Each structure stands twice: as C-alpha cells, then as structure tokens.
There are 2 protein chains.
Amino acid sequence: MIRRIPQARERGIPDATVARLPLYLRALNGLAERGTATVSSEDLALAAGVNSAKLRKDLSHLGSYGTRGVGYDVQYLIYQISRELGLTQDWAVAIVGVGNLGRALANYGGFVSRGFRVAGLLDADPAVVGDHIAGLTVEHSDGLEAVIRKRGVSIVVIATPATAAQQVCDRVIAAGVTSILNFAPVVLTVPDGVDVRKVDLSIELQILAFHEQRKVTGGPMMAEDWAGEAG
Amino acid sequence: MIRRIPQARERGIPDATVARLPLYLRALNGLAERGTATVSSEDLALAAGVNSAKLRKDLSHLGSYGTRGVGYDVQYLIYQISRELGLTQDWAVAIVGVGNLGRALANYGGFVSRGFRVAGLLDADPAVVGDHIAGLTVEHSDGLEAVIRKRGVSIVVIATPATAAQQVCDRVIAAGVTSILNFAPVVLTVPDGVDVRKVDLSIELQILAFHEQRKVTGGPMMAEDWAGEAG
DNA sequence: GTGCCTTTGTGAAGCCATGCACAAAGTCGA
DNA sequence: TCGACTTTGTGCATGGCTTCACAAAGGCAC
Ligand SMILES: NC(=O)c1ccc[n+]([C@@H]2O[C@H](COP(=O)([O-])OP(=O)(O)OC[C@H]3O[C@@H](n4cnc5c(N)ncnc54)[C@H](O)[C@@H]3O)[C@@H](O)[C@H]2O)c1
Ligand SMILES: NC(=O)c1ccc[n+]([C@@H]2O[C@H](COP(=O)([O-])OP(=O)(O)OC[C@H]3O[C@@H](n4cnc5c(N)ncnc54)[C@H](O)[C@@H]3O)[C@@H](O)[C@H]2O)c1
C-alpha cells in the first residue's frame, strides 16, 4: 500500500510527474555521455518514451529551465532534476533479507551511481550472517535498529520472505525509518507519514499474461460457455 | 500505444483494474489458506489494501460474482480472476541474461506457483553457459530464437545489461514474442502490438528519496525560498 | 534593429480513475 | 411468508492526468 504524502503538494509536484523525473534523468545522462549540450523537449521526450507536451508540463513544475527557440541545457537540467529528487545528497540504504534477491540488489552497481549507498546487509539466518557481499559483511537482523541509527539509514529495502516482511517493517519504522521499498508479496500496514513502495515481479507477469491471452484467444478461454456455470 | 475497439460486450477491462486483479488474487489465496469460504468486499479490500468501492467496481467488470447480503465465494472468485488473467493456462517464460538478477529470478518459486514456468535461461557469456540453476541449464543466447519457438515461450524476461537490452528485445520480437518484462534501465522501442512492462528498482528508490527529502528539509536543498523560511 | 523561425510554457478540453451514497437484491430468523 | 438486515453493483460527482493547440518568448541572420 502506498500512502500519499500531503507534503508533496507543498511545491505542487504531482505524483505522476515525480515518477517520471528519474526517467528524464536517465535520458539526460545518456545525452550528456554523448556530449549533447542542449536538447529540445521533443528529442528528450523521444529518448524518455513520453509525450513532449507531458514532458514540458512536468519540467514546468520544477521551474522555467528551458530557453524558447533552443531547448534545455542538458547539464543544468540534470542538476535541477537531481536536486529536486534529492540525489545531490547521499542516502544510506539497508537491505534486510540477503537471499537470492537481496544478494542481487547488494551486487547491483546502479544504486551507488545514483547516490544510494548500501550501508547495511541484514539477515536472520546464522548461515548467512558473516558472508561478504559487495564489500560488506552480512550482519544479524537482531542489530537492525542499531544499524539504522548508527549509520543514518533512511531507506530500507525489504527482501525477506512474505511472512517476515510486516515484522521487519514494524521494527524499522519504530527505529525511525519512513521510506521502505518492499519486494515481499504482501500488503504492508504502516502508520501515516511512512512511504512504502512495492515491487512485485509476479504481478507484472500476470498483467502481461492478461494481455497475452487477449491477443491469442480474444479473451479468457471459452468465456461464453462458462457464462451459465455460476450458481 | 494499443488502441482497443470497444465491443458491445464488456470486454474492455480498464488497465487500472487489471493491475489490481493480481493483488486481489493474492489476498484471496491468503484467505483460502486460512479456510475462509466467503468474504465481503469490505474485508477483501482491507486485505488487498484498497478501497472497497473500488474493489467492487473492479470485480463488476468481470461479472456479477457476488451474492448480496453475503459477499463473494472465495474459491469461485479465485477461479474467475485466475481465468480472466489467463493463469489457468501454463505460460512458458524465458529469462535472457543470467547474472545477479537473472539468477535470483530463476531461483524464485513465486513464478511457478502462479502458472509461469521458466522454460529457458539464456546468456551470451560462455563462462555462464552450462551452469545449472533451479534445475535448468543455461544455454547460449545464440539459440534464443530456437528456444522460443521450440518451447512455446510467450513471455521473455530481459535481465541483461542496458546496452544489450534493445538488441535482445528486437530478436525475441522477431521470433514472435509479444510480451516482455524488462529490468534493464532503458526505454525499449517496440512495434505496435508488443507489450513491454518495465521494472526499475533505481526509479523506485529515487521516488522514495524525493519524498524523504521533503519530510526532512521540506524541499530540495538550497531552495530559493530557503532564507525566507527562517524565523 | 527587424523579421523570421524555433521552441517553450500553459490554458483548456477531454478522458479516466476514484470514492461516495444508495437502491436493488439477496439472506436469515421467526 | 414476511420483515429486518446485510452487502452488492452502480450512477454520479469530483479530481487528477493527458493531450492538443497556440501565443509568447527568445535566438539568429542580416
Ligand atoms: N527472487 C526473486 O526473483 C523474487 C521475485 C519476486 C519476489 N520476490 C520476493 O522477495 C523476497 C525475497 O526473495 P528471495 O528469493 O531472495 O528469498 P530467499 O528465501 O532467497 O531470501 C530471503 C532471506 O530473508 C532472510 N530472512 C528471513 N526472515 C528474516 C527476518 N525476519 N529478518 C531478516 N532476514 C530474514 C532469510 O534468511 C533469507 O536469507 C520474497 O518475499 C520473495 O517473495 C523474490
Ligand atoms: N541486480 C539488480 O539488483 C538490478 C537492479 C536494478 C536493475 N538491474 C538491471 O538488470 C540488468 C541485469 O542486472 P545484473 O545485476 O543481473 O547484471 P549482470 O551483469 O550480473 O548480468 C547480466 C548478464 O547478462 C548477460 N548478457 C550480456 N549481454 C547479453 C546478451 N546480448 N544476451 C544474453 N545475455 C547477455 C551477461 O553475460 C550477464 O550474465 C541490468 O540491466 C541492470 O541494470 C539489476
């Protein structure tokens, strides 16, 4: 469940816009690497895979950073979006649950390059505790609260089995964390002010299957034949 | 974008509804495991973390499967949603790119339990080819098209580096695949009729960082109105 | 400076999703 | 059988998001 953050309206940036800013940032970084100095909304929209009017409206929420007749300065826009997203500062992230998925995340370099620093790996399994992964040592989740407080962890990634997720969630919130990324297939219950985002790969596959089924058969199998089966 | 022709029949289920059906299904399975026979929209909505009116409207798109005064039959609703999502049939999935993430996905049991069968693991690295993971042998991605055709793969998961993603995408589409789940941080260009869903963990973290920053400082660092807020 | 050309920023319209509120429909006990 | 009670299914209002279309703004050539 994703709770709405009332504060997001303080500067009036719609949630839909915030969700696209990282997309623009990625496209801009690609342009910067190729040495592009300025880019029009049309070209940037193409690179980001969105409508150009939508892109302009999104960017207008941050300020008037474009030049009419020219476009946007790539470097300047990268900075402005990064600042708006809070990527100009360093975020300490802890990963709880170092199984298949937790290891993949720990080894992933794409986080660090975006200002996210993995500051702790925690697991409840003694067989896993002590493992060295990506330069870190897995610690026992008994020390979860201590790790969060001592290392200034502000974002926690939950990659435990579903049965442990709510318990872990409660503990990290009690320790002061208000931003959680949840991979466990369970609806987390959290108090107001805590932001939970979820990633459920199984749901994505199911959505694909829905559309795939429609392409092949035009709908659920034998839809009409089943109409009278209820009751 | 895919344009749908509205039929006289209620075959047009809104995307927002489709995206929630797996959520309901998960909640229903939890209820079924605990032996619950019927459930009201209120209770099911609570378990799924949505508004009850929204849940009823979503379910109404599938048909009138509830009983007024009683609620919904758990087993029957599980079947109806599964059928609508196409989970009553078996989907063969191939994972391309067997690195950190690809391995985690291959080892994950949550796919198989929902009707998705991993039918192939493919990688371009000879050092990886031949590895045994979750009962499968990693094959060379040269044989991508053959694997897709021979094993009836209809959904492909791309877990390669970003630089290889578009190329892999083009190949699987040429081989007839029209459903792709992409983990690489790039915008894939595909022809009409091909569905691409993306999962970008980095984007999720950036969205969390945006909200986290607002909680802590009230906005981006060095905001123009910073001085005026003192006092 | 002047005029032309490109591109931004945004008003306005349309679309879709959400959630309230309630009549209709069905259950259940007497 | 009947009436009280519960819960569904949905009409409708509200609000947010998307897209179009264009005036205003700025660069550039001369
Ligand atoms: N692997 C995938 O591709 C994938 C895909 C979708 C969803 N998921 C979900 O992500 C989660 C993790 O998946 P996985 O494949 O890594 O599972 P896993 O079993 O390999 O790893 C889970 C880890 O969490 C640890 N753990 C258990 N309870 C804990 C606790 N209370 N505190 C700290 N650590 C604890 C376990 O010791 C284990 O190391 C699961 O909820 C799974 O459903 C995984
Ligand atoms: N690991 C994570 O947690 C994570 C998180 C977010 C995004 N991603 C993205 O997911 C993708 C995979 O991440 P990873 O950590 O597993 O990377 P990885 O480097 O560990 O694995 C990539 C694999 O793809 C293979 N490969 C390369 N080119 C190929 C080709 N043309 N055909 C087939 N296979 C090919 C490589 O041999 C390698 O085994 C990347 O795009 C990454 O940005 C990963």
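All values below were derived from every heavy atom in this structure, side-chain atoms included, with hydrogens, water molecules and symmetry-related copies excluded. Nothing here was measured: the structure is a model prediction, and the numbers come from that model. Below, read A as the first sequence line, B as the second, and so on, with proteins coming before strands; counting in each chain starts at 1.
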Spacing of Arg197(B) atom CZ and His211(A) atom NE2 [to the nearest 0.5 Å]
6.5 Å
Check: Arg56(A) side chain, Ser41(A) main-chain N or O, donor-acceptor pair, under 3.5 Å:
no
Counting distance only, does the side-chain N/O of Gln166(A) pair as donor-acceptor with the main-chain N or O of Thr189(A) below 3.5 Å?
yes
Along DNA chain C (nearest heavy atom to each residue), the more 5'-positioned of Asn51(B) and Gly69(A)
Gly69(A)
Can you tell me whether the side chain of Arg68(A) and the base of dT7(C) have a donor-acceptor pair closer than 3.5 Å?
no
Would one find a side-chain N or O of Ser64(A) under 4.0 angstrom from OP1 or OP2 of dG9(C)?
yes
Could you give the CZ-to-C1' distance, from Arg20(B) to dG19(C), as a whole number of Å?
11 Å
Roughly, in whole Å, what's the span from CG in Asp15(A) to C1' in dG15(D)?
13 Å
Spell out, as yes or no, whether a donor-acceptor pair under 3.5 Å connects the side chain of Arg26(B) to the backbone of Pro185(A).
yes
Answer yes or no: does a side-chain N or O of Thr67(A) lie under 4.0 Å from OP1 or OP2 of dG26(D)?
no
May I ask you to evaluate whether Ser40(B) reaches the phosphate of dT7(D), defined as a side-chain N or O under 4.0 Å from OP1 or OP2?
no
Check the distance between dT10(C)'s P and Tyr65(A)'s OH and give it to me in whole angstrom.
13 Å
With respect to the side chain of Ala16(B), which nucleotide from dA17(C), dG27(D), dT8(C) is positioned closest?
dA17(C)
Figure out the NZ/P separation between Lys54(B) and dC16(C), and round it to whole Å.
17 Å
Tell me: NZ of Lys57(A) to P of dC17(D), nearest whole Å?
11 Å
Nearest whole Å is fine: how far is dG26(C) P from Asp73(B) CG?
16 Å
Side-chain N or O of Tyr72(B) less than 4.0 angstrom from OP1 or OP2 on dG9(D)?
yes
Expected output: side-chain Gln213(A) to main-chain Glu84(B) donor-acceptor under 3.5 Å
yes
Atom CZ of Arg56(A) and atom P of dA23(D): how far apart are they, to the nearest Å?
15 Å
Nearest-Å distance, CD (Glu42(A)) to P (dG9(C))?
14 Å
Name the nucleic acid region contacted by Thr17(B), choosing base, sugar-phosphate or nothing; use a 4.0 angstrom heavy-atom cut-off, strictly under.
nothing
